[in-house]
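In what follows, chains carry the letters A, B, and so on, assigned in the order in which the sequence lines appear, proteins first and then strands, with residues in each chain numbered from 1.
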Amino acid sequence: MGEKDLSNFFKTYLEKEPIFINKQVLQLNYTPEAIPHREEQINYLAGVLAPVLRLDKPSNLFIYGKTGTGKTLSAKYVTNQLLKIAVEKDILLKIVYVNCKLKRVADTEYRLIAHIAGEFGKEIPPTGLPTDEVYKLFIEAINQNKENKKIIILVLDEIDQLVKRVGDQLLYNLTRLSSELKNIEISIIGISNDLLFMDNVDSRVRSSLCEEEALFPPYNAIQIQDILRQRSKICFKEGVLDDGVIEKCAAHAAREHGDARRALELLRVAGELAERKNKVKISMEDIDEAEEKIERDKVVDVVHTQPKQFQLTLLSILTLVEQNKKPLVTGDLYDVYKDYCLKVGLKPITQRRLSDIIAEFDMLGIIRAKVISKGRYGRTREIRLAIPPSTVENIKSVLKESLNL
DNA sequence: TGTCCACTGGAAGGGAGGGCTT
DNA sequence: AAGCCCTCCCTTCCAGTGGACA
């Protein structure tokens, strides 16, 4: 493409009727003005946090619910509103939100504390210090914080992931933090996707962290449609959506146990695809395509961020799934994996380690691995793909390229 | 009824990468 | 530089197990 062509391209792009008016509305971090079908939960959260306005420490709070049920959104919504009022009333309130699942940000106790300390302007190196040293630095940072906030609300999203990794000692340490702080109250809001997670936590810690609890049930298809309509009114030009598009997105998300986040993402990606194709409307096919693209991108992202051994494992899984219809098991996978190692010239990891990697892929939602017993023939994991088969070829070629195969 | 398979998953630890204090 | 202590990826060892089969 020459210079002239390109400038034409950009000009036509600008002249084109855009599908989106305000795409941000569909982005994950967007906080809408109203959150439909969550009034009850929001009122409850507001009630729990309100004592801040009287300079009292609010109770610790635990929020449960599956992904995409509005937990994070509601928590952010309520804390933002609270902060607004607090600022008006000159109340010294600081809200710290941390997603504990983010790799290399807060996926260990050390890094969680280091990250929170960062929020208070204290930089702590990503590795190297003893953990109690990190706590000490953190406490110092808060105590001599210039803003001198009186009340801190610590929102720990996906905290179940973190505690599963590092154990509940962490929670205990967090609950004890307040006693180390001068004139500063710290409240913790824990958010968990795992409804049963608190059952396996030390009872003393549990009672202190779960002074209040809120459950977020999944949305049903009708509710998701409401949510999609509400947002698409703001973000799309009128009449852009073909009939049934909203229903289709909602149905898809309802299949995924009422995950509104997925529905919104689906709609956004479908819009982007339609726009790129110079279409003026979003059709059913765009939704299908969007679904495929989302899955593919998710996996490709994993491919690029995970170590070689993960890539090799995934490639083995994809190869096996393609070859036979039957669900595959750990032993077969290990054999194929070792073959690939030979080809690539990498030292094979043990089956034990492979087992962990399989579990991680399961967590990432790329495969479904279920432990089953075949009686006489032992116990193993039954592994299935959790991504559309149509994306397999594409991902395989990405993998092979990355592995120089 | 017990056996026993093919693993699972916990525990401990190592060694390479790194940063702290002394 | 030494001596700690972190993380990350991995190994070794092993007890535990659901259920088809004898």
Side-chain angles (χ1 to χ4, degrees), chain A residues 98-118 122-141 160-170 173-174 194 196-197 199-202 301-317 320 324 326-342 344-364 366-384 399 402-403:
Chain A
V98 188
N99 186 331
C100 301
K101 209 171 86 180
L102 289 182
K103 282 222 163 192
R104 280 158 247 278
V105 173
D107 55 347
T108 66
E109 178 169 18
Y110 180 110
R111 285 214 268 255
L112 172 66
I113 304 303
H115 179 78
I116 300 170
K122 177 83 189 174
E123 292 306 325
I124 293 178
T127 172
L129 298 178
T131 305
D132 50 349
E133 189 69 20
V134 178
Y135 271 102
K136 229 169 73 194
L137 287 171
F138 168 60
I139 289 164
E140 261 171 45
D160 49 321
Q161 305 281 336
L162 180 56
V163 173
K164 266 178 212 157
R165 267 171 199 273
V166 305
D168 54 10
Q169 178 68 36
L170 161 71
N173 294 342
L174 283 179
D194 181 351
L196 302 171
F197 145 77
D199 294 354
N200 319 317
V201 169
D202 181 272
D301 184 54
V302 169
V303 168
H304 284 129
T305 53
Q306 301 286 352
K308 283 260 185 297
Q309 298 294 2
F310 278 66
Q311 303 181 12
L312 230 36
T313 307
L314 186 56
L315 182 58
S316 309
I317 294 172
L320 267 176
N324 32 352
K326 278 193 198 133
L328 58 136
V329 297
T330 307
D332 297 349
L333 177 61
Y334 191 55
D335 291 339
V336 174
Y337 160 80
K338 275 193 293 191
D339 283 352
Y340 270 123
C341 279
L342 229 66
V344 182
L346 223 64
K347 189 165 167 273
I349 52 170
T350 55
Q351 189 167 319
R352 176 70 188 81
R353 177 66 189 140
L354 192 87
S355 188
D356 283 342
I357 294 179
I358 294 172
E360 282 199 51
F361 275 132
D362 183 86
M363 271 213 338
L364 289 166
I366 293 173
I367 60 172
R368 285 278 86 91
K370 214 171 84 189
V371 179
I372 53 149
S373 174
K374 295 191 289 181
R376 197 52 273 237
Y377 305 105
R379 250 155 69 89
T380 184
R381 273 205 190 85
E382 211 175 68
I383 301 163
R384 294 163 202 280
L399 276 168
S402 163
L403 290 162

Nearest heavy atom decides the nucleotide; on that basis, is A/Lys374 or A/Arg379 closer to the 5' end of DNA chain C? A/Arg379
Any side-chain N or O of A/Thr350 below 4.0 angstrom from OP1/OP2 of C/dT11? yes
Whole angstrom is fine here: how far is it from CG in A/Leu354 over to P in C/dC9? 15 Å
Using a cut-off of 4.0 Å on non-hydrogen atoms, how would the nucleic acid contact of A/Thr330 be classed: base, sugar-phosphate, or nothing? sugar-phosphate
Specify the separation, in whole Å, of atom OH of A/Tyr377 and atom P of C/dA20. 11 Å
Less than 4.5 Å apart, any side-chain heavy atom of A/Leu129 and any of A/Leu137? yes
Answer yes or no: is there a donor N or O on one side and an acceptor on the other, between the side chain of A/Gln309 and the main chain of A/Lys347, under 3.5 Å? yes
Indicate yes or no for a side-chain donor-acceptor contact from A/Arg379 to the backbone of A/Ile372 under 3.5 Å, with no hydrogens or angles considered. no
Result for side-chain contact (heavy atoms from CB on, under 4.5 Å) between A/Tyr334 and one of A/Val329, A/Asp339, A/Ile358, A/Leu354 points to A/Leu354
With DNA chain B as reference, determine whether A/Ser355 or A/Leu129 sits nearer its 5' end, using the nearest nucleotide of each. A/Ser355
Mind checking if A/Arg352 touches a base, just sugar-phosphate, or nothing, with heavy atoms under 4.0 Å? base
Rounded to whole angstrom units, what separation is found between the NZ atom of A/Lys136 and the P atom of C/dC6? 13 Å
With no hydrogens and no angle check, just 3.5 Å: does a side-chain donor-acceptor pair link A/Tyr340 and A/Gln311? no
What nucleotide among C/dC21, C/dG19, C/dC6 has an atom nearest to a side-chain atom of A/Tyr110? C/dC6
To the nearest Å, give me how far apart CG (A/Asp132) and P (C/dC5) are. 9 Å
From CD of A/Glu133 over to P of C/dC5, roughly how many Å is that when rounded to an integer? 11 Å
For DNA chain B, which nucleotides open and close the run of contacts to chain A, 5' to 3', at under 4.0 angstrom from a non-hydrogen atom? B/dC4 to B/dC20
Do the non-hydrogen side-chain atoms of A/Gln306 and A/Leu364 ever get within less than 4.5 Å of each other? yes
What is the distance, rounded to the nearest whole Å, between atom NZ of A/Lys370 and atom C1' of C/dG19? 15 Å
Rounded to whole angstrom units, what separation is found between the CG atom of A/Leu312 and the C1' atom of C/dC10? 15 Å
Any chance you could measure A/Lys122, atom NZ, to A/Ile139, atom CD1, to the nearest 0.5 Å? 12.5 Å
Whole angstroms only, please: what is the CG-C1' distance between A/Asp356 and C/dT12? 13 Å
